[in-house]
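Only one structure is covered here, and it is reproduced in the block below.
These numbers come from a predicted model, not from an experiment.
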Amino acid sequence: MSNQPKPRSSLRDNLRFWLLQGQPKEREGFYEDEQQAHTQHHTQPWWKVMCLTGVDYFSTLGYQPGIAALAAITAGTLALSPVATLVLVLVTLFGALPMYRSVAGESPHGDGSISMLERLLRRWQSKLLVLILLGFVATGFIITITLSAADAAAHVVENPFLHPIVDGWNVPITLTLILLLGGVFLLGFSEAIGIAVVLVVVYLGLNLVVVGDALREVVTHPTLLSNWARSLLSTYVSPLAVIGAALLVFPRLALGLSGFETGVVVMPLVKGDAGDTEAHPKGRIKSARLLLTTAALIMSVLLIGSSFATTLLIPAAQFQPGGEANGRALAYLAHERLGEVFGTAYDVSTILILWFAGASAMAGLLNIVPRYLPRYGMAPDWARATRPLVLIYTFVCVLITLIFRADVNAQAAAYATGVLVLIGSASVAVTLSAVRRRARVEIFWFGLVSLIFGYTLIVTFIDDLSGLRLGAFFILAIIVVSVVSRVLRSFELRTERVELDAEARRLLNRAAASGELRFIANELNAGDVAEYAEKEHEVRTDTHLPNGVPFLFLEVRVADPSEFADVLEVRGVEVGGYRILRLESSAVPNAIASFLLHVRDTYGVQPHVYFEWIEESPVTAAVRFLVLGEGDIAPLTHEVLRRAVRNPELRPVVHVGG
C-alpha cells in the first residue's frame, strides 16, 4: 500500500518535466534572437524571409476584399470599395513603407518599433509603455489566429464539395484548427522557411490567375467599368465626396497593413553582407528594406486588382453574412469563373496559408515574453518554457472564437485595432527620431503619417470598441502578471556579473590579506571625511564592532530601479584614509548580496556586512524597495542571501544595530 502513491507522483513529475523542461529551449516558430540566428546559420536571403512574413501579410487577401466590400456597402455603395482600397494602397506605399524602412535602419536587431519608443522614455515610464504596447501586440496576434482560422473554416464550409456536409459548422471547424495549431506547438514547432516559400508562391500564383482572369473579363466587357463608375457617381455628388467617403471607409480596411511590424521583427533572419557588424549591419538593413518594399508592392497590386475584380463581378448580396462571397470573395470568383476543381485547389491553398498565418502569430506570441518581459523581471519562471504559454494562448484563442462565433467580419475591428496601434506607435517613434536628428522633411512627413494613423485609430474606436476592449483586457492581464512576477522575483540576486576596477581590486586584496573582510554599508551624502568618521562611530557603537578591526565602506547608487538585472560595477576610492567601494545597480539589497557572494567566492573568506536599523514603516520600506530599489536594506539583504544560499554556514554574515 505504501508504494501505491509513487506512480501518481511519478506521473505528476513527468508532466511537470514535459511542460517546463521536457523540451529543449530551441527557436520557436519564425522568430529568434540575432545571436542565435547567426550562430546556428539560420539567416536566409531576403526573399525567403519575405515569404515567411508573407504567410501573415499576403493571407489577408483571403478576407480583405470581402471586408472592403461590406464596408463600402455600409457607406452607401459597393462601388466605393476600389476607391477605399486605393486609399489603403497609397497609405501603404507612402506612409507605412517609408516609416518601416526607417524602423529597419534604427532597430535592425529584431526589436521592432517598440524598442525605439522604449529608448525614448526612461525608467518605469518606458516599461509601462512597453507593457501597454504588448497588450495591443497580443490583441493583433490572437485575432490573427482566430480570424485566420475562422476564414479558413469559411472556405471549408463554402466549398461546393463539402458544403452539404459541413454547412453551419464554422465554429467547430475553427476550434478544431486552433486546437490543431496548439497541438503542433505542444509537440514542437520548428521554423520552416521552405514551407512558407511554397505556400506563398502557390497562393500568390493562384491569386494572380483569379485576378487576371477577372480583369480580363472587365477589359472585354467595358460596360462593367462604366456601370461601376455610374453607380459611384450616382451615389456621391462629386469626386471630393467620393474621396471623403473613401477616407471614412479606409479605417475598416486597416488590417491590410498587417505584416510591416513582423517584417522588422524577423530582421535577424535576413542574410546581410560579409562586412556587416553588430553595430552597423548595413547589408542586412538594405536587404530588409528591399523585403519590405517588395512585399508592399506585391500586396498593393493584388489589393487593387482583387478589389476591382470582386466589386465588378460579384453581386452585392453575396458579400452579406450568409452570402457565398462573405469572407471569401476571391474564392467565390475562383469557383464561379474557373471551375470547381480550380476553385477547390484555391480553397486548399487559402486554408493552408491562413492556418500557417496562425502559426506565424503563435510563434510571435511565444517570442513576446522572452524578448521583453524577462529582462524586466516581469515573467514568472514557468514562462521561460514554451508549452505552458501555448496552452494559455490556445485557451484564449478558443475563448475569443466562442465570443465572436467564428465571424470574420466581427473580428475585423479588433484586428485593425491591434495593427493600427502598432503602426501608430511606430509612426510616433520615427517622428520623434526625426525630431532628435532635426531632419525637417522627415519630421513633416512622418508627423503627417502619424496624424493619418491617429485619425484611423480614432475612427476605428468610434465605429467599434471591441478591439479597444480586447486590448484593454490584454493590457490589464499583462500588467497584473508582470507586477506579481516582479514582486515574487524581487529577492533574486539580479546581477549578471560583477566587474571591479583596478582600485577596487587593490583595496579588496589588501583587506583580504588580513584573513577577514568586513564592510559597513553607507548611504552616500557629502562623501567627506566627517561623514565617514561619523558613520564609523555609529556602526561600531550600535553593532559592537571592536575598535581597530579593519573594514571597508560599501556604497550603492541606484541607477535605474526599473531595470531588473544588470552588470554590477564596483569602483574603489579612498577619502581621508577611509577605503570605500562604490557600486551602481538597480536595487541596493540585491547589489550588496551579489557583491558579498562574489567576494566570498573570489577570496574564500566569509564576509561580514554591518547595517543600522532605519526609522520607517515596513510597508513604506517595502514599496520603496519594489519601486525605487531602496527600503529597509538590512533585512532585505539578509533575505536575498538566505534565498541564494540555503546553507547558513556558507552565507555572508549580516549584522544590524541601532
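- Using modelled atom types, one side-chain atom of Ser427 and one backbone atom of Gly424 make a donor-acceptor pair closer than 3.5 Å.
- Side chain of Arg494 to backbone of Arg489: no donor-acceptor contact under 3.5 angstrom is found.
- The shortest distance between side-chain heavy atoms of Lys282 and Asp273 does not fall below 4.5 Å.
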Identify all side-chain donor-acceptor contacts of residues 628-638 below 3.5 Å with residues at least two apart in sequence or on another chain.
residue: Glu630; atom: OE1; partner: Arg624; partner atom: NH2; Å: 2.6
residue: Thr637; atom: OG1; partner: Ile633; partner atom: O; Å: 2.8

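- Taking the charged nitrogens against the carboxylate oxygens, Arg540 and Glu536 do have a contact shorter than 4.0 Å, which makes a salt bridge.
- Of all heavy-atom pairs between Val573 and Leu507, the closest is O-CD1, 3.7 Å.
- In this view, Phe446 satisfies the ring-ring contact (aromatic ring centres under 6.0 Å, His included) rule with no residue, not counting sequence neighbours.
- Rounding to the nearest 0.5 Å places CD1 of Ile145 at 7.5 Å from OG1 of Thr394.
- Minimum interatomic distance between Leu524 and Gly527 (heavy atoms only, all atoms of both residues): CD1-CA, 3.6 Å.
- The CG atom of Leu422 lies 11.5 Å from the CZ atom of Phe453; values are rounded to the nearest 0.5 Å.
- Between Asn590 and Phe625 there is a side-chain heavy-atom pair separated by less than 4.5 Å.
- A donor-acceptor distance shorter than 3.5 angstrom exists from the side chain of Glu531 to the backbone of Ala526, with no hydrogens or angles considered.
- In this structure, the separation between CZ on Arg497 and CG on Asp566 is 10.0 Å, given to the nearest 0.5 Å.
- Around CD of Glu523, the count of heavy atoms belonging to other residues, nucleotides or ligands within 6.0 Å does not exceed 12.
- Nearest heavy atom pair, residue Val567 against residue Glu496, reads CG2-OE1, 3.7 Å.
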**Q.** Verdict with reasoning, Thr543 to Phe611, per side chain to side chain contact (heavy atoms under 4.5 Å, CB included)
**A.** CA-CA 8 Å; Thr543 63; Phe611 297 95; over 6 Å; no

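- Screening Leu292, Val449, Thr431 for a side chain to side chain contact (heavy atoms under 4.5 Å, CB included) with Met99, the sole residue that qualifies is Val449.
- Relative ring orientation between Phe551 and Tyr578 is described as tilted, the plane-to-plane angle lying within the 30° to 60° band.
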**Message:** Please determine whether side chain to side chain contact (heavy atoms under 4.5 Å, CB included) holds for the pair Glu574 and Arg579, giving the CA-CA distance in whole Å, both sets of side-chain angles, and the decisive distance to 0.1 Å.
**Reply:** CA-CA 5 Å; Glu574 284 198 63; Arg579 296 169 293 171; 4.0 Å; yes

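- To the nearest 0.5 Å, atoms CG (Leu128) and OG (Ser482) are separated by 10.0 Å.
- The shortest heavy-atom contact between Ala104 and Arg289 is CB-CG, 4.3 Å.
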Which pairs would a plain distance check flag for residues 135-144, meaning a side-chain donor or acceptor within less than 3.5 Å of a matching protein atom at least two apart in sequence or in another chain?
residue: Thr139; atom: OG1; partner: Gly135; partner atom: O; Å: 2.9
residue: Thr144; atom: OG1; partner: Gly140; partner atom: O; Å: 2.6

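- Atoms OH and CG, from Tyr603 and Leu517 in turn, are 7.5 Å apart once rounded to the nearest 0.5 Å.
- Annotation: side chain of Leu597 is in contact with side chain of Arg600 (closest heavy-atom distance under 4.5 Å).
- The nearest pair of heavy atoms linking Ser450 to Val428 is OG-N, 3.7 Å.
- Salt bridge Arg436/Glu106: present, at least one basic N to carboxylate O contact under 4.0 Å.
- Arg582 has no carboxylate O lying under 4.0 Å from a charged side-chain N of Glu569, or vice versa, which leaves the two without a salt bridge.
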Give the intermediate values and the outcome of side chain to side chain contact (heavy atoms under 4.5 Å, CB included) for residues Leu391 and Phe395. CA-CA 6 Å; Leu391 291 174; Phe395 172 78; over 6 Å; no

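- Two residues are said to be in side-chain contact when any heavy atoms from C-beta on lie closer than 4.5 Å; Ile475 and Leu131 fail this criterion.
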If you apply the rule side chain to side chain contact (heavy atoms under 4.5 Å, CB included), what do you find for Leu500 with His598, and how did you get there?
CA-CA 11 Å; Leu500 287 74; His598 174 79; 3.5 Å; yes

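- Annotation: the span from Leu568 atom CG to Ser594 atom OG amounts to 6.5 Å, rounded to 0.5 Å.
- No side-chain heavy atom of Thr602 sits under 4.5 Å from any side-chain heavy atom of Arg505.
- Under the 4.5 Å side-chain criterion, counting only non-hydrogen atoms from C-beta, Phe519 is not in contact with Ile592.
- Shown here for Val599 and Pro607, the closest heavy-atom pair between the two residues is CG1-CB, 4.5 Å.
- For the pair Arg643 and Glu492, the minimum side-chain heavy-atom distance is 4.5 Å or more.
- A heavy-atom distance below 4.5 Å is found between the side chains of Trp124 and Pro561.
- Under the 3.5 Å distance criterion, the side-chain polar atoms of Ser490 are matched with a main-chain donor or acceptor of Val487.
- Under a 4.0 Å N-O distance rule, the pair Arg571/Glu584 does not qualify as a salt bridge.
- With Gln606 contributing its side chain and Glu649 its backbone, the two residues share a donor-acceptor pair below 3.5 Å.
- Checking side-chain atoms of Arg518 against main-chain N and O of His608 turns up no donor-acceptor pair under 3.5 Å.
- Tyr532 has its ring centre less than 6.0 Å from the ring centre of Phe553.
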